[in-house]
Enquirer: 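Here it is, the structure in full.
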Amino acid sequence: MKKLGLLASILTVGIGLSGCSSVNYYLVDSTFRVNEAQTTPPIITKGTDFSSSFHKIKTIAVKAPDHCISESQTERSGNAKAETNVMQTACGVEMAQIERSLAKAGYGVISWKVLQNEMQVAKTHLEAATQLQADALFQINSLERSTSKAGQDARWERRYQETDAKLRKQKAAAVTPAIASQLDNIAKRNEMSVLGANEVLSATINSSVTLVENGRAIWFYEWNHQQSLDNNELIETKTAIYCAEGFCNAYSPLQEQDSTPELLQGSSEALSTGASPADRRRAIHDKLMRQVVEDMVSKFSL
């Protein structure tokens, strides 16, 4: 299991710990879990004309949001960072994904760019959709990618282990509420330092469908789809703590030294050529956005 944020060095207090029989040693195992129960599902609203009009919709004109981020395909997928963009179109990548999903669902699709060009002679997007002989206008009101700190709608789960100064043996520990409170407070310092480097990404779409023949909105969709941490992406950390006379402190475990250290004839150092953190964020955002688009189109097509 991949363990993100597992600290190699643990909070340190420079105090000698040997030769004291009244000292108790603990290891607090902390695991960060997102509260999946609080993940909000898509919000879908159907107008009164939806049931009677849905079967008439064969051709859809797609309208892009008024403001959106402009990125190339390689930028958005996280595969590369575009230094210069040739023929870059604002919203083009995301809108093409929406149009492709609608086409796969069996609809005739009038591209958002064609609709926008028609606005040179039409007064409204609905009028432009009428001139293009569309049955419905699929309007993307907003399309966003956002980042928040891990820790919102989530929890830390802690397990207390009884051990020795060198963490050689560990077993489950039962402690008094007073000791538990101190263990938690000390472990929180470690946990906060881990969460400082972790983000939760999300993608959001707000859309509506309007009938061209009468201008009535018949279907609404909104979903803020947040990245979830599964069992392969757990955030874990450990904190070594000693307690004496009812007071506890973090410490750095003593390391045993090998009396006959291994002799080395050379060394090697791996150089990573993988994607940068920014590229990985873009790749995750791309996956989340694709899932939102596919869910939106599938819910409309049911």
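The model shown is predicted, which means the values in this text are computed figures rather than measured ones.
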Enquirer: Going from NZ on Lys113 to CE on Met95, what distance comes out if it is rounded to the nearest 0.5 angstrom?
Expert: 11.5 Å

Enquirer: Is there a side-chain contact between Ser301 and Tyr107 in this structure, where contact means two heavy atoms from C-beta onward sitting under 4.5 Å apart?
Expert: yes

Enquirer: Is there a donor in the side chain of Gln139 and an acceptor in the side chain of His125, or the other way round, less than 3.5 Å apart?
Expert: no

Enquirer: Before giving the answer on side-chain contact (heavy atoms from CB on, under 4.5 Å), spell out for Arg100 and Val293 the whole-Å C-alpha distance, their side-chain angles and the decisive distance to 0.1 Å.
Expert: CA-CA 10 Å; Arg100 183 168 56 251; Val293 169; over 6 Å; no

Enquirer: Please verify the inter-ring angle class for Tyr251 with Tyr242; under 30° counts as parallel, over 60° as perpendicular, anything in between as tilted.
Expert: perpendicular

Enquirer: Is the backbone of Lys58 close enough, under 3.5 Å, to the side chain of Asp135 for a donor and an acceptor to pair up by distance?
Expert: yes

Enquirer: So do Glu236 and Asp29 actually touch side chain to side chain, heavy atoms under 4.5 Å?
Expert: no

Enquirer: Side chains of Thr59 and Ile110: closer than 4.5 Å at any heavy-atom pair?
Expert: yes

Enquirer: Strictly distance-based, threshold 3.5 Å: is any side-chain N or O of Thr163 a donor or acceptor partner for the main-chain N or O of Lys169?
Expert: yes

Enquirer: Answer yes or no: is there a donor N or O on one side and an acceptor on the other, between the side chain of Trp223 and the main chain of Thr40, under 3.5 Å?
Expert: yes

Enquirer: Nearest 0.5 Å, please: how far is OH in Tyr25 from CG in Leu167?
Expert: 10.5 Å

Enquirer: Begin with the C-alpha distance, continue with both residues' side-chain angles, and end with the deciding distance and a verdict on side-chain contact (heavy atoms from CB on, under 4.5 Å) for Lys188 and Arg158.
Expert: CA-CA 10 Å; Lys188 285 178 183 178; Arg158 304 183 186 95; 3.4 Å; yes

Enquirer: Which heavy atom of Asn190 sits nearest to which heavy atom of Lys238, and what is that distance?
Expert: ND2-O, 2.9 Å

Enquirer: Tell me which donor-acceptor pairs under 3.5 Å the side chains of residues 212-221 have, and how far apart each pair is, sequence neighbours excluded?
Expert:
unit_1, atom_1, unit_2, atom_2, d
Asn214, OD1, Arg216, N, 3.0
Arg216, NH1, Asp49, OD2, 2.8
Tyr221, OH, Asp295, OD2, 2.6

Enquirer: Test Leu115 against Leu137 for side-chain contact (heavy atoms from CB on, under 4.5 Å), laying out the working first.
Expert: CA-CA 10 Å; Leu115 182 71; Leu137 178 65; 3.7 Å; yes

Enquirer: For the residue pair Gln226 / Asn224, report whether a side-chain donor-acceptor contact shorter than 3.5 Å exists.
Expert: no

Enquirer: Do Cys248 and Ile186 come within less than 4.5 Å of each other through their side chains, counting heavy atoms only?
Expert: yes

Enquirer: Which heavy atom of Glu191 sits nearest to which heavy atom of Ser30, and what is that distance?
Expert: OE2-OG, 2.7 Å

Enquirer: Could you give me the CA-CA distance, side-chain angles and deciding distance for Trp112 and Glu99, then say whether side-chain contact (heavy atoms from CB on, under 4.5 Å) is met?
Expert: CA-CA 8 Å; Trp112 72 278; Glu99 292 171 357; 3.0 Å; yes

Enquirer: When you check the gap from the basic side-chain N to the acidic O, do Arg290 and Asp286 get nearer than 4.0 Å?
Expert: yes

Enquirer: CD/Glu294 to NZ/Lys104 distance, rounded to the nearest 0.5 angstrom?
Expert: 6.5 Å

Enquirer: Quick one: are the ring centres of Phe138 and Phe300 less than 6.0 Å apart?
Expert: yes

Enquirer: Rounded to the nearest 0.5 Å, how far does OG1 of Thr130 lie from CD of Glu118?
Expert: 10.0 Å

Enquirer: Roughly how far, to the nearest 0.5 Å, is CG of Leu288 from CD1 of Ile205?
Expert: 11.0 Å

Enquirer: Check salt bridge (charged side-chain N to carboxylate O under 4.0 Å, His left out) between Glu245 and all other residues, then give those that pass, not counting sequence neighbours.
Expert: none

Enquirer: Is the number of heavy atoms from other residues, nucleotides or ligands within 6.0 Å of CD (Gln133) greater than 12?
Expert: no

Enquirer: Would you say the side chain of Ile98 lies within less than 4.5 Å of the side chain of Met296, judging by non-hydrogen atoms?
Expert: yes

Enquirer: Mind listing the closest non-hydrogen atom pair of Ala103 and Val109 along with its distance?
Expert: N-CG2, 3.7 Å

Enquirer: Quick one, Thr239 and Arg189 - any side-chain contact, counting heavy atoms below 4.5 Å?
Expert: no

Enquirer: For Ile179 and Tyr26, work out which heavy atoms get closest and say how close.
Expert: CG2-CE1, 4.5 Å

Enquirer: Hey, are Ser202 and Ser146 close enough side-chain-wise for a donor-acceptor pair under 3.5 Å?
Expert: yes

Enquirer: State the NZ-CE distance between Lys123 and Met119, to the nearest 0.5 angstrom.
Expert: 11.5 Å

Enquirer: Is there a path from Leu126 to Leu132 through hydrophobic residues (I, L, V, M, F, W, Y) whose side chains come within less than 4.5 Å of each other?
Expert: yes

Enquirer: Enumerate the side-chain hydrogen bond (donor to acceptor under 3.5 Å, both in side chains) contacts for residues 171-184, please, sequence neighbours excluded, ordered by first and then second residue.
Expert: Tyr160-Asp184

Enquirer: Could you tell me whether the side chain of Ser207 reaches within less than 4.5 Å of the side chain of Lys63, counting heavy atoms only?
Expert: no

Enquirer: Side-chain contact, heavy-atom cut-off 4.5 Å: Leu143 with Met289?
Expert: yes

